[in-house]
Each structure stands twice: as structure tokens, then as C-alpha cells.
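Reckoned from all heavy atoms, side chains included, excluding hydrogens, waters and symmetry mates.
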Amino acid sequence: MPVRQLSEAIVNRIAAGEVVERPASVVKELIENALDAGATRIDVLTDGGGRRLIRVTDDGEGMSRADLALAIERHATSKLADDDLVSIRTLGFRGEALPSIGSVARLSIATRHANEPHAWAIEVDAGAKSAIKPAALSAGTSVEVRDLFYATPARLKFLKLDRTEAEAVREVVRRLAMSRPDVAFTLAGEERAPVTFAAALPGATGRLTRLGDILGADFRANAVEIAAVREGIVVDGFAALPTLTRANALGQYLFVNGRPVRDKLLIGAVRGAYADYLPRDRHPVLALFVALDAREVDVNVHPAKAEVRFRNAGLVRALIVSALKAALTREGTRAATTGGSATIAAFRPAAVPIRSWDWRRSPARPNDARRSYMPSRGGGGFAEAAQAAFDVGGPTADLRVEAEPAAELIDRPLGAARAQVHETYIVAQTRDGLVVVDQHAAHERIVYEKLKAAIDKTGVARQILLIPEIVELDEAAVERLTARAEELARFGLMIEPFGPGAVALRETPSLLGEIDGAGLMRDLAEHISEWDETLPLERRLMQVASSMACHGSVRAGRRLKPEEMNALLREMEATPNSGQCNHGRPTYVELKLTDIERLFGRR
């Protein structure tokens with residue numbers, strides 16, 4: 001077949017396939033054009049999930065008659081003053097998306113520039129352009145897209161349900177609204193009630209207000225401010241405490257020079273920063289904004305500009321990791337206090353009429369006690385009723401109350417230990433409430449931080465076992481452990497192969513004391529099998545330290561003396577990140593006295 005020149009209509013439809021994937025893509029391009037035009041208010045209206053109608057109206061600069069004529073032509077833009085494709089300082093090219101949209105839909109544009117006596121309008125129907133006509137518009141630009149993909153029916157069949165497409169539009173508006181808290185956004189349509197994000201004040205306060213409006217009050221209450229600068233790269237924004245997580249990474253919003261992106265480098269940096277705080281199946285909620293010189297980042301590596309490429313990717317990643325770690329360390333104790341309100345809510349009895357509620361039916365009662373309680377159908381005697389009041393069932397906890405604590409301990413952040421419950425939880429009294437501590441989780445974080453500090457300074461001190469511990473494993477596990485023997489030695493673990501199916505553990509970290517060597521070896525073998533070899537060596541070594549800290553901590557079920565409980569509380573106060581263990585679980589919960597009093601109607 002001979003080579004031939006494609007028609008302009010076919011070329012435009014091919015270009016549309018790269019830019020216009022679905023209605024949300026159209027909304028993204030039109031809002032970015034409005035932001036580049038200096039809009040302070042943007043209104044978005046959709047119908048049929050954007051399939052039947054998309055209207056984006058802004059109060060931006062607008063276009064003159066001559067600009068409007070060029071805006072619907074291919075390769076026409078107002079955003080490259082000197083033809084420098086390396087230095088792109090806008091969100092998009094106004095003239096690039098419009099001809100692509102007009103080639104697959106019915107497009108109409110009305111716009112007015114400040115220097116024009118009135119507005120101008122033009123229409124594009126499947127690539128066919130109309131003449132420019134006078135129009136009525138006070139200021140800015142209004143772009144209307146109807147019957148999307150009607151000119152390409154094959155692509156129309158790949159659109160999802162209207163509700164799904166409407167949700168994708170909503171997500172696009174949310175992301176762009178996060179990037180510009182100074183701009184007011186309104187999103188309306190038959191699929192939803194109108195949503196309005198009012199323009200916020202400049203600075204971090206305004207940004208947090210906008211993020212709270214979009215991500216919810218829980219994020220606003222648990223947000224930690226992020227701010228870091230290094231070699232001309234600025235990272236700021238807000239990240240949620242480790243106590244607020246999700247089951248997927250959809251709650252991570254990342255921006256580069258104001259552009260929403262889904263970049264693997266940035267997502268990996270976030271995962272690395274939270275590795276000490278969250279379990280593997282949980283993901284943080286955050287909004288991070290990276291700003292740097294336009295020449296240091298390439299935004300044209302993806303047709304929709306959803307991915308970017310940094311000139312110095314290592315510096316960007318290191319800055320994000322260090323900024324997040326610094327903020328989380330700074331707010332380490334605050335992470336645990338946020339669980340207090342949820343704990344109080346869990347204590348509240350269900351809303352039932354006062355006369356019908358009976359404490360013996362409470363969920364807190366043992367099951368056998370609830371079964372044994374049978375309300376009398378007849379008029380039981382007074383003695384029976386009185387006797388039932390003392391029928392409280394068997395004991396539910398081995399509560400051990402300690403003596404009156406010293407006044408100076410009550411004023412400490414974690415208070416003074418008063419009791420140990422179920423030989424697992426320490427109950428401490430503070431000046432204005434009480435604290436419940438998970439002794440294993442708390443000590444696990446303490447040991448973990450000590451291991452990290454020892455590695456950074458002088459190395460982990462070892463203790464030689466009088467008799468080496470022989471641990472039997474399968475051959476594959478033995479090979480994995482012996483291959484990492486040098487790395488494990490940095491943590492004070494000296495191992496060597498002992499036949500085809502065992503290893504000999506000869507030295508252990510003195511910091512851990514007596515440990516279950518066999519259990520530790522088995523856990524390490526499992527963790528090493530799941531290692532991502534692309535992770536930095538430091539990150540992999542921290543996973544080893546995490547496993548060792550778990551095995552070297554005070555176990556649940558161990559009875560502690562009063563001085564041991566208080567010593568643990570004091571170590572927690574002096575340990576960074578003590579609000580969570582290295583698996584992401586909270587180490588303690590603080591309950592304010594005022595909240596407890598409300599439970600009993602005292603307030």
C-alpha cells in the first residue's frame with residue numbers, strides 16, 4: 001500500500017485519542033486552561049457523567065477574537081513565549097486540547113477579553129468550524145462540550161456507567177481544587193448535589209482548610225504540616241498521622257509545580273517514609289506539593305501529563321522522605337492521642353430508652369452472665385430482685401491496683417502507673433485523664449529506636465551464646481539467611497550454615513537479652529523472601545531491626561512490677577515515634593477526664 005497523507009479530520013481524531021480518554025479528561029483540560037488564564041472562580045456542570053454535556057465557566061483573562069480563531073487550530077498555544085519546550089511553566093497548552101475535543105464532539109466556546117467591546121463565540125462540530133459570532137458574556141470564558149465521542153461511536157462504547165464517569169470527573173475537580181486553594185470551585189450535575197469549595201486564605205492555613213473540605217474533618221484533625229527546602233526544591237503540604245490510614249493508595253495526592261501526578265518515584269518515597277509506622281497493607285493519607293525550576297522536571301513524558309521525570313530524582317526522593325520523617329517524629333506522641341475520641345465512642349452504650357436498658361445486657365458483660373440473666377415474667381419477690389443486683393458474674397480481669405503515686409509522676413505526659421490489666425495493659429493516671437498502654441507495642445518501639453541509634457553510632461553490641469542455638473529450616477530459607485549473613489552481622493546476629501537444613505546462631509544483640517532465636521530466624525527468613533531488591537540497603541536493614549525489636553520486647557502476659565511499669569512510661573516519653581509500634585499499631589490511648597465524665601452524665 002502506498003504512503004499517503006492523512007486528512008486533517010483523521011489527524012485530529014488520532015490526537016484526541018491521546019488527550020481525550022473519557023469525560024474526566026475533557027474536564028481536566030478545560031479547568032487547566034481556566035487556571036492558566038488566571039481564573040479565580042471555576043464552575044463545572046456535567047450531564048450524563050459528562051457524556052451528554054460538560055460546561056466549564058471561568059472568570060479568567062478570556063480571549064480576543066483573533067485568539068479565539070487560533071485556539072481551535074492544531075499546534076496553536078498562548079503558553080510558549082519563546083518556543084522553549086524544556087521550560088514549561090503552565091498546566092497545559094490552550095490550543096492543544098480544544099481541537100482534539102472539537103474533533104470528537106460538539107464544541108462551543110464563548111469568551112471575552114478585557115480589551116474587547118463584547119464577547120465572541122465559535123462552534124466546532126466533529127471538526128467542522130463555524131464562523132466567529134458576537135456573544136453575550138460579561139468576562140472570562142465558557143466552554144461547552146456536548147455529545148462526547150458521537151463522531152467516534154467505537155470509543156463511545158468503551159465509556160462506563162454515568163455514575164462511574166461522574167465520579168471520575170469529581171476526582172479530577174478535587175485534585176485540581178487541592179492544588180489551587182485560592183480559586184473557588186463549583187461542581188454540579190444531575191448525578192450529584194452541587195459541591196462548592198470556597199476560595200481559601202493564602203498560606204498553610206488556607207491550604208489545610210481546602211484539604212479539609214475535600215478530604216474530610218478527620219484529615220484536618222490528624223494532619224501534620226510538611227515543609228522542607230533543599231537546593232532549590234521545595235516540598236510542602238500536609239500528611240495524616242499514622243493513625244489515619246486507608247487500605248489503598250488512593251488517598252495520596254501528589255503535585256509537581258501545581259500539576260496533579262501519579263508518579264512512581266513520589267509514591268515510593270511516601271511508602272519509604274511511612275515504613276516505620278504502618279503495616280504493609282495500610283497506606284497513609286496526604287497531599288504533597290513539590291515545587292522546583294521548570295527546567296529540572298520533564299512534564300511531557302506522558303500524553304496526559306500524569307507522570308513526570310526529574311533531572312535529579314534521588315534528591316527529590318530524599319527530600320520527601322526526610323521531610324515526612326521529620327514531621328512524623330515531631331508529632332509522634334500526638335498520633336496516639338487522636339485515638340482517644342474513638343475509644344470514648346466505643347464505650348458509649350447504644351441509644352435505647354432509659355427504662356428498657358439493663359446493664360446485664362450490656363456488651364461488656366460476659367456471655368455467660370447475659371445468658372444466665374432471665375427477666376421474670378411474673379412479679380418476683382423483693383429478695384430475688386435485691387439478690388440479682390449483686391450477681392455480677394465472674395472476674396473479667398486480673399486487675400492489680402498500685403499504691404498512691406508520687407505527685408511529680410502525675411504531671412508527666414504519660415502519668416504514673418496505677419495498675420496492670422490482663423498482664424498486658426498498663427493503666428496510668430495523668431493530671432487530667434488516664435492512659436492505657438500496650439506494654440508489648442510500647443517496648444517494641446523503644447527497642448527498635450535503640451537498635452537504629454546503635455547502628456548509626458557505634459554498632460550493635462553482641463553477646464556470645466554459651467551453646468550455639470541450632471535452628472532447623474528448609475534449605476531455601478537457609479540459603480536466604482546465609483546469603484545475608486554479612487548484613488545480619490551489622491545487627492549483632494552471627495549465623496553460619498549447619499548442614500543442609502539448619503543454621504547455627506552463635507551471637508545475638510545484647511540489647512535484646514534472652515530471645516527466641518528459632519522464632520527470630522524463621523521470621524527473618526520469611527521477611528527476606530519478600531524483600532524488594534530495588535529498596536535501598538538501609539530500608540532492608542530496618543526491616544531486620546523491626547523483626548528483632550518484636551522478638552526482644554516485653555511480651556504480652558508478663559507481669560510487671562510498679563517500678564517496671566513506670567520505667568517503661570518514662571522511656572516512652574524519651575523515645576521518638578513512641579505513639580506507634582513499628583507495625584503501625586498504637587502503643588497507648590489517652591482518655592481525657594472530661595470525656596469520661598460525659599459518659600456518666602457528669603458534664
Side-chain angles (χ1 to χ4, degrees), residues 272 275-276 279-280 439-560 564 567-568 571 575-578 581-585:
D276 282 353
R280 300 177 185 178
Q439 65 189 40
H440 172 65
H443 198 239
E444 185 177 348
R445 169 58 72 176
I446 293 171
V447 174
Y448 181 49
E449 294 296 335
K450 287 182 177 180
L451 281 172
K452 292 197 299 183
I455 293 169
D456 292 339
K457 295 179 181 178
T458 59
V460 179
R462 307 171 184 172
Q463 57 183 3
I464 301 176
L465 300 182
L466 184 61
I467 301 176
E469 185 169 355
I470 309 302
V471 183
E472 295 185 358
L473 302 165
D474 60 77
E475 294 186 17
V478 172
E479 291 179 2
R480 288 195 297 267
L481 287 172
T482 53
R484 303 289 183 179
E486 184 176 348
E487 297 173 14
L488 297 178
R490 295 182 57 180
F491 291 90
L493 285 172
M494 297 297 295
I495 64 171
E496 60 184 35
F498 193 81
V503 294
L505 178 61
R506 297 190 175 277
E507 298 181 21
T508 61
S510 57
L511 179 64
L512 302 184
E514 295 185 8
I515 62 173
D516 177 11
L520 177 58
M521 289 295 100
R522 294 189 183 97
D523 283 353
L524 288 177
E526 292 178 2
H527 288 324
I528 292 173
S529 67
E530 299 175 356
W531 273 2
D532 182 359
E533 294 299 330
T534 61
L535 288 177
L537 176 61
E538 177 188 3
R539 183 68 260 144
R540 286 177 277 164
L541 293 179
M542 288 303 101
Q543 292 178 357
V544 176
S546 176
S547 298
M548 293 171 56
C550 184
H551 282 269
S553 304
V554 173
R555 311 303 294 182
R558 175 181 167 184
R559 178 164 296 193
L560 300 179
E564 291 177 317
L568 182 61
E571 282 199 87
T575 300
N577 311 312
S578 61
C581 73
N582 43 308
H583 299 299
R585 297 190 301 271

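Contacts of Glu571 classified as salt bridge (Lys or Arg N to Asp or Glu O under 4.0 Å), with partners at least two apart in sequence or in another chain: Lys450. In terms of the side chain to side chain contact (heavy atoms under 4.5 Å, CB included) criterion, residue partners of Ala476 (sequence neighbours excluded) are, by chain and number, Asp474, Arg480. Partners of Glu479 by salt bridge (Lys or Arg N to Asp or Glu O under 4.0 Å), not counting sequence neighbours: none found. With sequence neighbours excluded, the residues forming a side chain to side chain contact (heavy atoms under 4.5 Å, CB included) with Glu475 are Pro500, listed by chain and number.
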Show your working on side-chain contact (heavy atoms from CB on, under 4.5 Å) between Asp276 and Arg445 and close with a plain yes or no.
CA-CA 9 Å; Asp276 282 353; Arg445 169 58 72 176; 4.3 Å; yes
Going through the distances and angles, do Leu520 and Leu505 end up as a side-chain contact (heavy atoms from CB on, under 4.5 Å)?
CA-CA 10 Å; Leu520 177 58; Leu505 178 61; 5.8 Å; no
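The two residues Val478 and Gly501 have their closest heavy-atom pair at CG2-C, 3.9 Å. For the residue pair Ala441 and Cys581, the shortest heavy atom distance occurs at O-CB, 3.5 Å. Across every non-hydrogen atom of Leu481 and Ala525, the tightest pair is CD2-N, 4.0 Å. Closest of all the heavy-atom pairs between Leu473 and Arg522 is CD2-CG, 3.5 Å.
In summary, the side chains of Tyr448 and Asn577 do not present any donor paired with an acceptor at a separation below 3.5 Å, with no hydrogens or angles considered.
Atom CG of Leu560 sits about 9.5 Å away from atom NE2 of His443, to the nearest 0.5 Å.
Counting only heavy atoms from C-beta outward, the side chains of Ser578 and Ile446 never approach each other to under 4.5 Å.
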Atom pairs and distances, side-chain donor-acceptor, residues 463-472, under 3.5 Å, sequence neighbours left out:
| unit_1 | atom_1 | unit_2 | atom_2 | d |
| --- | --- | --- | --- | --- |
| Gln463 | NE2 | Thr508 | OG1 | 3.1 |
| Gln463 | NE2 | Gly513 | O | 3.1 |
| Glu469 | OE2 | Ala518 | N | 3.3 |

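For residues 498-511, the salt bridge (Lys or Arg N to Asp or Glu O under 4.0 Å) pairs, not counting sequence neighbours, are Arg462-Glu507, Glu496-Arg506.
Checking each of Arg559, Gln439, Arg558 against Glu564 for a side chain to side chain contact (heavy atoms under 4.5 Å, CB included) leaves exactly one that passes, namely Arg558.
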